[in-house]
Amino acid sequence: MSDQLSVTGSFPVKRGLAEMLKGGVIMDVVNAEQAKIAEDAGAVAVMALERVPADIRRDGGVARMSDPEMIERIQAAVSIPVMAKARIGHFVEAQILQALGVDFIDESEVLTPADEAHHIDKFKFSVPVVCGATNLGEALRRISEGAALIRSKGEAGTGNVVEAVRHLRSIIGDIKKISQADSAELFEWAKRLQAPLPLVQEIAETGKLPVPLFCAGGLATPADAALAMQLGAESVFVGSGIFKSDAPGPRAAAIVEAATHFNDASILAKVSRGLGAPMTGIGMDEVHEHYADRGW
Amino acid sequence: MQAPIIGVLALQGAFESHQQRLGELGAPTRQIRTPADLAAVDALVMPGGESTTMSKLLVTSGLFDPIAQRISSGMPVFGTCAGMILLSTEVLDGRPDQLSFAAIDITVQRNGYGRQLDSFETEITVPSFGADAAPFHGVFIRAPKVIRFGDGVAVVAEHDGIPVILRQAAITVASFHPELVGDHRLHAEFLNSLTRTPSHAETS
């Protein structure tokens, strides 16, 4: 900016984009064609990645940041924000994604972690970073590292919403308890959650996370999206659930409508009709590798 | 006279922040997702968010035509960021099927200030607040840029020579996000304009 009063890359500016994505659907896409289908359907953003989690799960091996060329093709194809994933702790992948001008970085447990103790120092980045969490302590540790947005981890690539529900209930349940706690109890909460006291005190005062809370991991139907929103998520990420289904375009559009009308069962009934088969999905006892366990 | 009820378009985006700011000023608000919701309000706020998404949802929810009708019969509307795009006459760099209400005679370029890396916060001088008033803290997120405005449009404030708050009749737009900061002056100005020119909900 030309005048000296203007600041880019500040926390309010990073958090601001997360605020704008509320009430929407962020969709995983692996190429420009899918990105266009997602935008056509009304996605608020796309997540550019080389393989959707269901394929990462099937193929095994090390999952890394996507090829910059593929990310650039997706950036050129759509006008909505483009997100991309870096491995947990892999700050150089994050540097590369920022250099590419992606709008949001996902420090994601879906990729193979690069560091077994440290997450990325997200304050060092001008691009906002979203992180996954399974409980409130994890969420607050990520926020203390500079995350501008938290999402439940769920269990990506399973088409099974049970883990996302568990994580959302755990995060929101503890927020409710903390907002009832007295000031002395907050010290104990901070200790138990292994989270910074000032963030716990902020929750006690406001009754919510200091950044938006979205849901991710296993969502496959409009009803799944509405379930997450009714439980208190402010937006949803849908990964494999769209492009591993029979009719990705109509399903994507239906999930977008479900995220808006999440409290209106008659609209949900209407948009859930005739979408063809959702992704098959897998039960948790068949999951060999729990991505949600990644992250510290 | 009862206080006017403010509808906040709740299809997607930062609608809860607008509701919070208006609520802090004592204004009754309603979230608007269906034509029935719209019929119960006197004025409308269109929040920031993704304008392409909102454009789709305006159609699927059946809200586009009723809102257009209410605007043409004088309903006051305050639009921020994506809301500004939805209210403008012409949208550059939008999707070809993107709809807008042509309620204020401006041309806007979507993401005209650039990608998220170019998003910024700054101080905006608003002359109508008075010569000694503090500037308004403006948060611009992938903001639309005003490229042209018609003769009937008043520029309320600008930044770097580009209009960032504009008004035409009952329509006010801002390219940034007053809902994200604790400053209530722009929302208060909108509420004051309603009590000066009362507009009642349709009874039909």
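These numbers come from a predicted model, not from an experiment. Below, chains carry the letters A, B, ... as their sequence lines are ordered, and counting in each starts from 1.
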So if I take each residue of residues 49-65 of chain B and look for any heavy atom under 4.5 Å from a heavy atom in chain A, which residues do I end up with? B/G49, B/E50, B/T52, B/T53, B/K56, B/L57, B/T60, B/S61
Non-hydrogen contacts under 4.5 angstrom with chain A: give the residues of residues 137-146 of chain B involved, or none if there are none. B/V139, B/I141, B/R142
Backbone N/O of B/T122 and side chain of A/S6: donor-acceptor pair under 3.5 Å: no
Hey, does the side chain of A/Q98 reach the backbone of B/L117 with a donor-acceptor pair shorter than 3.5 angstrom? no
Applying side-chain contact (heavy atoms from CB on, under 4.5 Å), run through B/S17 and A/E19 and close with a yes or a no. CA-CA 9 Å; B/S17 302; A/E19 296 285 340; 3.9 Å; yes
With chain A, the option among B/G114, B/A82, B/G13, B/A14 that has the most non-hydrogen atom pairs under 4.5 Å is B/G13
Note: vs chain B, highest number of non-hydrogen pairs under 4.5 angstrom among A/P212, A/G9, A/G23, A/A259 is A/G23
When A/S235, A/S126, A/P12 are compared by non-hydrogen pairs under 4.5 Å with chain B, the top option: A/P12
Spatial distance of atom OH (B/Y113) from atom OG1 (A/T8) [nearest 0.5 Å]: 14.5 Å
Rounded to the nearest 0.5 Å, what separates atom NZ in A/K22 from atom CD in B/E16? 6.0 Å
Would you mind checking which part of B/A10 comes under 4.5 Å of any heavy atom in chain A, side chain (CB onward), backbone (N, CA, C, O), both or neither? backbone
Please look at A/L21 and chain B and tell me whether the side chain, the backbone, both or neither of the residue comes under 4.5 angstrom of a heavy atom of that chain. backbone
Does the side chain of A/P81 come within less than 4.5 Å of B/Q116's, by heavy atoms? no
